Amino acid sequence: MARLFGTDGVRGLANRDVTAELALDLSVAAAHVLGASGAFEGHRPRAVVGRDSRASGEFLAAAVAAGLASAGVDVVNVGVLPTPAVAYLTAELGVDLGVVLSASHNPMPDNGIKFLARGGHKLDDDLERAIEKRMGEAWDRPTGADVGRIRLDTGRAGDDYVDHLVATIRPSLGHLRIAVDCANGAASEVGPAALRQAGADVVVINASPDGRNINEKCGSTHPEQLLAAVVASEADLGVAFDGDADRCLAVDADGNLVDGDQIMGVLALAMRDAGTLADDTLVTTVMSNLGLRLAMRDRGVRTVETAVGDRYVLEAMRAGGYSLGGEQSGHIIMAAHATTGDGVLTALQLAARVAETGEPLAKLAGVVQRLPQTLVNVSGVDKARASSDEPLLDAVRAAEARLGDTGRVLLRPSGTEALVRVMVEAATQAEADGVARELADVVSSRLAL
C-alpha cells in the first residue's frame with residue numbers, strides 16, 4: 001500500500017481520497033500510537049482540533065473528534081483557525097495532540113489531515129508510519145466515563161492566538177495602512193483582527209468564506225486582487241495569506257509583489273540588528289533565489305540550504321538552533337514565536353520593520369535583487385540517473401563555472417513523473433535562458449528512455 005502521509009500530512013480530494021472513515025480511523029490509530037509511546041501516561045489525554053474554511057472540513061473535523069473521543073481522548077474543537085494557531089494552542093494548552101483539517105493553498109475540493117505532537121510540532125516519520133500500521137486493528141474500546149468528551153470552543157482560542165501574535169512586536173503600527181487578502185480562508189477573522197489590534201488601519205479583501213471560495217482566485221496563490229487593492233487604497237503595504245494562513249506574501253505601496261525570499265531578507269536583517277538572529281544564520285531551501293544568498297552574504301548573514309519543504313527547513317533550524325527560516329512561497333518560520341510557518345505572524349513582523357525603520361517596504365525588500373531564473377521541464381527521461389550520469393554532471397559543472405558567483409544550476413527529478421526540472425539562475429535573463437536550453441538538451445540526450 002502506498003504511504004498515506006506525505007511531507008505535510010495526508011492530503012487529497014475530500015470525500016474520495018480523504019473521507020470521514022479515513023479521518024476517524026487515522027484519529028483512533030493516532031491515539032493508540034501516542035498512548036503506546038507513553039505520551040498519555042499519568043493523565044487523561046487531550047487534543048485540539050481545528051480546520052480551515054472548506055465545507056468538507058465540517059464533516060472531517062467531526063469524524064476526527066469522534067475518533068479521538070471514542071479512543072478516550074478529550075477534544076476541544078476550536079473551529080476555523082489557521083494551522084499555526086492550532087500549533088500554538090497545542091503548545092499553549094499543554095495538550096497531547098493537535099489536529100488540523102486543511103489542504104493549505106490547494107483548491108477547495110481538496111482537504112487534508114495533519115497531526116501535531118505535544119508542543120505543536122509535526123509528528124516525526126516513525127510515528128506517522130506507526131499510525132498507518134495500526135489503522136483498522138481490533139481494539140478494546142473504553143466505555144462509561146472513560147470515553148472522551150468533545151467541547152466546542154466559544155472563540156476564546158482565537159482571541160488568545162491574536163494576543164500572542166500582537167505581543168511579538170514592539171512598535172505600534174498606528175501610522176500604517178495595510179491591505180490584507182485573507183484568501184477566504186482560516187485567517188479571515190484573526191488576520192485583520194491582529195493587524196487592527198496592533199494599531200494598523202486595515203483594508204480587508206476576500207474575508208467572507210462560504211465553504212466553497214477558499215483560495216479561489218485570491219490569496220497568496222493569486223495576488224492580483226491585492227496588488228490592485230494596495231494601489232486603490234493608497235496602502236503602505238499589503239499582505240496575502242493562503243487558505244490555512246501558514247504563508248504570507250507581500251505587496252509594496254507601488255503594487256509590486258514582495259516574495260518570500262525578499263521577506264526573509266528583510267526579517268533576517270531586522271533580527272540581526274536586534275541580536276535575535278541565532279548565529280547570524282538564515283535557513284532557506286535550494287529553490288530560494290540566488291539573489292537572497294548573495295544579499296545575505298554581503299551583509300554578514302550566513303545561509304543554510306535544505307531540500308524543498310518546510311519540514312526540512314524546520315529540521316535544519318532545530319538541529320542547528322537557528323531562529324529564522326523559510327521558503328520563497330512565503331512559508332516562513334520564526335522559532336521564537338511559532339513551531340511552523342505563520343502568515344499572520346510574518347505580516348506583523350514585516351509591518352513592524354516598516355514602522356520601526358520608517359522606510360517603505362520597496363526599499364527594505366530591495367536589498368534582495370532577484371536574479372533572472374529559467375525553469376525547463378524535460379520529460380520522457382530516466383530521472384533516477386540525473387544525479388549519477390557523469391557526462392551530464394560534467395556539463396552542469398561547466399555551466400556553473402561559466403556562470404560564476406552570479407549564477408547557479410539545479411537539476412530536480414520530479415517526484416511523480418518521468419521528468420527532470422532544469423533550473424538556471426544567471427546575471428541576465430538571456431544567459432539564464434541559454435544555459436537552461438543547453439542543459440535541457442543534454443538531459444534529453446543523456447537520460448532518454
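Since we're looking at a predicted model, the values are computed, not measured.
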| task | Report yes or no: does Ser27 contribute a side-chain atom to a donor-acceptor pair with the main-chain N or O of Ala23 at less than 3.5 Å? | result | yes
| field | Glu327 side chain to Gly309 backbone, donor-acceptor under 3.5 Å | value | yes
| Salt bridge Lys122-Asp310, side-chain N to carboxylate O under 4.0 Å | yes
| Which atom pair, heavy atoms only, marks the closest approach of Arg44 to Gly148? | NH2-CA, 3.8 Å
| note | Between Leu324 and Met264, the two heavy atoms sitting closest are CD2-O, 4.0 Å
| message | Determine whether Asp279 and Arg302 satisfy the following criterion, salt bridge (charged side-chain N to carboxylate O under 4.0 Å, His left out), listing intermediate values before the conclusion. | response | CA-CA 8 Å; Asp279 201 24; Arg302 189 168 71 98; 3.5 Å; yes
| Test log, rule side chain to side chain contact (heavy atoms under 4.5 Å, CB included), inputs Val378 and Leu419 | CA-CA 5 Å; Val378 186; Leu419 181 150; over 6 Å; no
| Do Leu123 and Val33 have side chains that get closer than 4.5 Å, going by heavy atoms? | no
| Would you say the side-chain atoms of Asp280 and Tyr322 include a donor-acceptor pair closer than 3.5 Å? | no
| task | For the pair Arg3 and Glu128, find out whether any cationic side-chain nitrogen is under 4.0 Å from an anionic carboxylate oxygen. | result | yes
| request: State, with a plain yes or no, whether a side-chain heavy atom of Thr168 is found less than 4.5 Å away from one of Gln349. | output: yes
| field | Distance (rounded to the nearest 0.5 Å) between Glu41 CD and Leu34 CG | value | 13.5 Å
| request: Answer with yes or no whether the side chains of Ser288 and Glu305 bring together a donor and an acceptor at under 3.5 Å. | output: no
| message | Are the side chains of Val301 and Leu277 in contact, using a 4.5 Å heavy-atom criterion? | response | yes
| Does the distance from a Lys or Arg side-chain N to an Asp or Glu carboxylate O, for Arg311 and Asp125, drop under 4.0 Å? | yes
| task | Just do the side chain to side chain contact (heavy atoms under 4.5 Å, CB included) check on Thr90 and His121 with the steps written out, would you? | result | CA-CA 9 Å; Thr90 300; His121 294 282; over 6 Å; no
| request: Ignoring hydrogens and angles, tell me if any N or O in the side chain of Arg46 forms a donor-acceptor pair with the backbone of Leu93 under 3.5 Å. | output: yes
| query | If you round to the nearest 0.5 Å, how far is CE of Met296 from CG of Leu269? | reply | 4.0 Å
| query | Are the charged groups of Arg51 and Asp244 less than 4.0 angstrom apart, N to O? | reply | no
| message | Looking at Asp110 and Arg11, is there a salt bridge between them, counting it only when a charged N and a carboxylate O are closer than 4.0 Å? | response | no
| note | What one should report as the nearest heavy-atom pair of Ile113 and Leu101 is CG1-CD1, 3.6 Å
| said: Could you work out, with ring pair (Phe, Tyr, Trp, His ring centres under 6.0 Å) as the rule, every residue matching His32, not counting sequence neighbours? | reply: Trp139
| field | Min side-chain heavy-atom separation Thr340-Ile333 under 4.5 Å | value | no
| message | I want to check something: taking the side chain as every heavy atom from C-beta on, are Glu216 and His222 in contact at a cut-off of under 4.5 Å? | response | no
| Looking at Leu350, Asn256, Asp236, which one forms a side chain to side chain contact (heavy atoms under 4.5 Å, CB included) with Leu361? | Leu350
| Nearest heavy-atom neighbours spanning Leu176 and Val354 | CD2-CG1, 4.0 Å
| Arg421 and Leu375, any side-chain heavy atoms less than 4.5 Å apart | yes
| message | Please check this pair: side chain of Ser323 against backbone of Thr276, looking for a donor-acceptor N/O pair closer than 3.5 Å. | response | yes
| side chain to side chain contact (heavy atoms under 4.5 Å, CB included) between Val239 and Leu249, intermediate numbers included | CA-CA 6 Å; Val239 291; Leu249 295 182; over 6 Å; no
| Asp74 (side chain) donor-acceptor with Arg149 (main chain) under 3.5 angstrom | yes
| Taking C-beta and beyond as the side chain, do Leu97 and Val49 meet within less than 4.5 Å on heavy atoms? | no
| Worked verdict on Asp96 versus His43 for side-chain hydrogen bond (donor to acceptor under 3.5 Å, both in side chains) | CA-CA 10 Å; Asp96 305 287; His43 65 277; 2.7 Å; yes
| query | Roughly how far, to the nearest 0.5 Å, is the NE2 atom of His331 from the CG atom of Asp246? | reply | 4.0 Å
| message | Keeping Asp159 on the side-chain end and Val162 on the backbone end, is there a donor-acceptor pair under 3.5 Å? | response | no
| Would Asp273 and Arg353 pass as an ion pair if we require N to O under 4.0 Å? | yes
| task | Give a yes or no on whether a salt bridge exists between Arg156 and Asp153, defined as a side-chain N under 4.0 angstrom from a carboxylate O. | result | no
| said: If the condition is side chain to side chain donor-acceptor pair (under 3.5 Å), which residues does Arg299 pass it with, not counting sequence neighbours? | reply: none
| said: I'd like to know if the side chain of Asp242 pairs up with that of Ser220 as donor and acceptor (distance under 3.5 Å, no hydrogens or angles considered). | reply: no
| query | Is Arg177 reaching over with its side chain to a backbone N or O of Val202, donor-acceptor style, under 3.5 angstrom? | reply | no
| task | Might you work through the side-chain hydrogen bond (donor to acceptor under 3.5 Å, both in side chains) test for Asn215 and His105, ending with a clear yes or no? | result | CA-CA 6 Å; Asn215 296 322; His105 57 283; over 6 Å; no
| Phe115 and Phe5 aromatic ring geometry - parallel, tilted or perpendicular at 30°/60° bounds | tilted
| Can you list the steps and then say if Leu60 with Thr19 is a side chain to side chain contact (heavy atoms under 4.5 Å, CB included)? | CA-CA 7 Å; Leu60 290 172; Thr19 64; 5.9 Å; no
| query | Any sub-3.5 Å donor-acceptor pair from His337's side-chain atoms to Asp342's backbone N or O? | reply | no
Contacts table for residues 178-191: side-chain donor-acceptor under 3.5 angstrom, sequence neighbours left out:
from: Asp181; atom 1: OD1; to: Ala183; atom 2: N; distance (Å): 3.0
from: Asp181; atom 1: OD1; to: Asn206; atom 2: ND2; distance (Å): 3.2
from: Asp181; atom 1: OD1; to: Gly219; atom 2: N; distance (Å): 3.3
from: Asp181; atom 1: OD2; to: Asn206; atom 2: ND2; distance (Å): 3.2
from: Asp181; atom 1: OD2; to: Gly219; atom 2: N; distance (Å): 2.9
from: Asn184; atom 1: OD1; to: Ala207; atom 2: N; distance (Å): 3.4
from: Asn184; atom 1: OD1; to: Ser208; atom 2: N; distance (Å): 3.0
from: Ser188; atom 1: OG; to: Gly185; atom 2: N; distance (Å): 3.3
from: Ser188; atom 1: OG; to: Gly185; atom 2: O; distance (Å): 2.8

| query | Can you name the closest pair of heavy atoms from Ala157 and Leu81 and give their distance? | reply | CB-CD1, 4.2 Å
| note | What one should report as the nearest heavy-atom pair of Ala365 and Gln262 is O-NE2, 3.7 Å
| field | Over 12 foreign heavy atoms within 6.0 Å of CZ, Phe40 | value | yes
| message | For the backbone of Leu364 and the side chain of Glu359, can you confirm whether one donor and one acceptor N or O come within less than 3.5 Å of each other? | response | no
| request: Using a 4.5 Å cut-off on heavy atoms from C-beta on, say whether the side chain of Lys383 contacts that of Glu417. | output: no
| Heavy atoms from other residues, nucleotides or ligands near CD of Glu137 exceed 12 (cutoff 6.0 Å) | yes
| task | Look at the side chain of Arg118 and the backbone N and O of Gly94, then say whether any donor-acceptor pair between them is shorter than 3.5 Å. | result | yes
